[in-house]
**Q** 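Questions regarding the structure given below will be posed in turn.
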Amino acid sequence: MQVVRGLNALRTTLKSSVDQGRTIGFVATMGALHEGHMVLVEQAKKETQVVVTTIFVNPTQFNESSDFEKYPRTEARDTELLQEAGCDIVYIPKQEEVYPPNKPKLVEYDDPVLFGKYEGTYRPGHFQGVVTVVIRLFDHILPTYAYFGLKDYQQYLVIKRASDYLRRPVGVVGVPTQRAQCGLALSSRNFRLSDEEKEKASVIYSVLNEIGAAPSSETTDAQIQNGIKRIEAAGLRIDYLDVCDLPELNSVSDWRAGQEYIAVCAAFMGEVRLIDNLVFTKML
Ligand code: AMP
């Protein structure tokens with residue numbers, strides 16, 4: 001595995017693979033890696049010939065600079081994990097190559113369907129920052145496929161639509177969420193939670209499952225109100241809990257047999273903001 005810093009070093013390292021027409025798999029991360037990231041690398045490894053993982057804490061997708069500063073940075077451990085997972089190249093881009101001073105700060109793009117919902121509402125500007133970094137890294141790496149976690153389902157949908165609209169010829173692949181034994185979705189932010197807090201936060205996943213398994217005779221509203229009570233009783237503070245359709249994420253109030261839905265949730269455990277979701281099909 002090679003660790004390369006900067007775009008020129010990346011291009012030199014990738015040249016022979018590009019010349020030989022090898023397929024390239026791309027995994028974008030902000031570091032502080034865990035088992036959830038490793039499944040992205042493993043899937044990329046199975047489906048492509050050269051796996052490039054980036055580590056870049058992207059300032060434009062944070063709403064608060066304190067959150068950006070507090071974001072865990074564990075590069076030495078990250079590269080060890082990536083080596084074990086079979087990654088070929090760790091790419092650590094330079095700040096001024098992702099954000100060149102002579103270019104507009106953000107990629108010009110709007111998504112009227114997805115930017116105004118859920119994460120887009122609670123974290124204004126977040127998805128503009130995500131689209132910017134992903135598109136710029138696509139242009140650095142020119143991957144065949146790019147792998148994104150379905151833990152961040154809205155992000156996955158945003159990136160799929162943005163890469164189509166902006167005509168980047170990259171296959172965007174979603175990878176199922178990895179969880180701790182208690183059900184809590186793995187996240188770099190969990191490093192800031194105690195064991196007891198993690199256990200309490202696993203209520204999010206139980207509530208999502210309850211909503212998925214609820215009888216179709218009950219309205220989604222009743223399910224959501226119950227779920228909010230349970231999450232709050234465990235000591236979390238809710239941003240949102242809702243049920244919506246796919247792929248547009250429109251909130252729904254009635255179930256329809258055979259239709260696919262997604263239950264989405266964001267809540268704070270102390271100062272740590274957690275998100276999760278569950279995709280399910282309602283049977284009548
Ligand atoms: P991050 O470093 O948090 O930006 O995440 C990098 C990638 O890993 C994103 O595509 C995430 O959706 C994905 N990811 C993070 N946690 C998980 C998880 N628990 N299961 C699956 N994918 C994940």
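Computed from a predicted structure; not experimentally measured. Just so you know, ligand 1 is whichever comes first in the structure, and atom 1 is the first atom listed for that ligand.
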**Q** Of the side chain and backbone of Leu40, name the one, both, or neither that has a heavy atom under 4.0 Å from an atom of ligand 1.
**A**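 Side chain only.
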**Q** Checking contacts here: is it the side chain or the backbone of Pro176 that comes within 4.0 Å of ligand 1, counting heavy atoms only? Could be both or neither.
**A**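 Near ligand 1, Pro176 shows its backbone, while the atoms from C-beta on stay back.
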**Q** Which option out of Asp152, Val130, Val41 puts a heavy atom nearest to atom 11 (C) of ligand 1?
**A**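 Heavy atom nearest to atom 11 (C) of ligand 1 belongs to Asp152.
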**Q** Under 4.0 Å from a heavy atom of Phe148: which atoms of ligand 1 are those, numbered in the order shown and with their elements?
**A**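 Atoms satisfying the 4.0 Å criterion: 10 (O).
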**Q** Side-chain donor-acceptor pair under 3.5 Å between Tyr261 and Thr220, yes or no?
**A**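 No, no side-chain donor-acceptor pair sits under 3.5 Å.
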**Q** Keeping the roles fixed (side chain from Asn63, backbone from Pro124), state whether a donor-acceptor pair exists under 3.5 Å.
**A**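 Yes, the answer is positive, given that a donor and an acceptor are paired below the 3.5 Å cut-off.
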**Q** Side chain or backbone of Ala32 under 4.0 Å from ligand 1, or both, or neither, by non-hydrogen atoms?
**A**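 It is neither part, as no heavy atom is under 4.0 Å.
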**Q** For ligand 1, is any non-hydrogen atom under 4.0 Å from Tyr71's backbone (N, CA, C, O), its side chain (CB onward), both, or neither?
**A**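 The answer is the side chain of Tyr71.
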**Q** In terms of atom number and element, which parts of ligand 1 are under 4.0 angstrom from non-hydrogen atoms of Ala28?
**A**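 The list of qualifying atoms is 6 (C), 7 (C).
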**Q** If you measure every N or O of Gln178 against every N or O of ligand 1, does any of those distances drop under 3.5 Å?
**A**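 Yes, at least one N or O pair falls under 3.5 Å.
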**Q** State whether the side chain of Thr177 and the backbone N or O of Lys151 hold a donor-acceptor pair below 3.5 Å, judged by distance alone.
**A**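 Yes.
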**Q** Taking only heavy atoms of Leu186, which atoms of ligand 1 are found under 4.0 Å from at least one of them?
**A**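 This gives 16 (N), 17 (C), 18 (C), 19 (N) as the contact atoms.
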**Q** Rounded to the nearest 0.5 Å, what's the gap from NZ on Lys94 to CG on Leu10? Could you check?
**A**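 Going from NZ on Lys94 over to CG on Leu10, the span is 11.5 Å.
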**Q** Which ligand 1 atoms are under 4.0 Å away from a heavy-atom of Thr29?
**A**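 Within the 4.0 Å cut-off of Thr29, ligand 1 contributes 2 (O), 6 (C).
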**Q** In terms of residue, atom name and distance, what is the protein heavy atom nearest to atom 23 (C) of ligand 1?
**A**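 Going atom by atom, the protein heavy atom closest to atom 23 (C) of ligand 1 ends up being Gly36 O, 3.9 Å.
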**Q** Below 3.5 angstrom, do we get any N/O pair linking Gly149 and ligand 1?
**A**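 Yes - when backbone and side-chain N and O of Gly149 are compared with those of ligand 1, one distance drops under 3.5 Å.
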**Q** Would a distance-only check, ignoring hydrogens and angles, find a side-chain to backbone donor-acceptor pair under 3.5 Å from Lys45 to Val51?
**A**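 No, Lys45 side chain to Val51 backbone: no donor-acceptor pair under 3.5 Å.
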**Q** Can the ring centroids of Phe68 and Tyr71 be said to lie less than 6.0 angstrom from one another?
**A**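 Ring centroids of Phe68 and Tyr71 are no less than 6.0 Å from each other.
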**Q** Could you tell me the residue and atom name of the protein heavy atom closest to atom 5 (O) of ligand 1, and the distance to it rounded to 0.1 Å?
**A**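 The closest heavy atom on the protein side is His37 NE2, 3.4 Å.
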**Q** Give a yes/no verdict on whether any heavy atom in His34 is under 4.0 Å from an atom of ligand 1.
**A**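 Yes, His34 has heavy atoms under 4.0 Å from ligand 1.
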**Q** Between Gln2 (side chain) and Ile89 (backbone), is there a donor-acceptor pair under 3.5 Å?
**A**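 Pair absent, no side-chain N/O of Gln2 close to backbone of Ile89.
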**Q** Consider every N or O of Met30 and every N or O of ligand 1, then say whether any pair is closer than 3.5 Å.
**A**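 Such a contact does occur with ligand 1.
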**Q** Between Lys117 and Val113 (side chain of the first, backbone of the second, donor and acceptor by atom type, cut-off under 3.5 Å), is there such a pair?
**A**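 Indeed, once roles are kept as given, a pair shorter than 3.5 Å links the two residues.
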**Q** For Phe268, is the NZ or CZ atom of Arg237 found under 6.0 angstrom from the centre of its six-membered ring and inside 45 degrees of the ring axis?
**A**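 Yes, a cation-pi geometry.
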**Q** With heavy atoms of Thr177 as the reference, note each atom of ligand 1 found under 4.0 Å away.
**A**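 Matching atoms, with element in brackets: 20 (N), 21 (C).
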**Q** Determine whether the aromatic ring centres of Phe26 and Tyr147 lie less than 6.0 Å apart.
**A**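 Centroid separation for Phe26 and Tyr147: 6.0 Å or greater.
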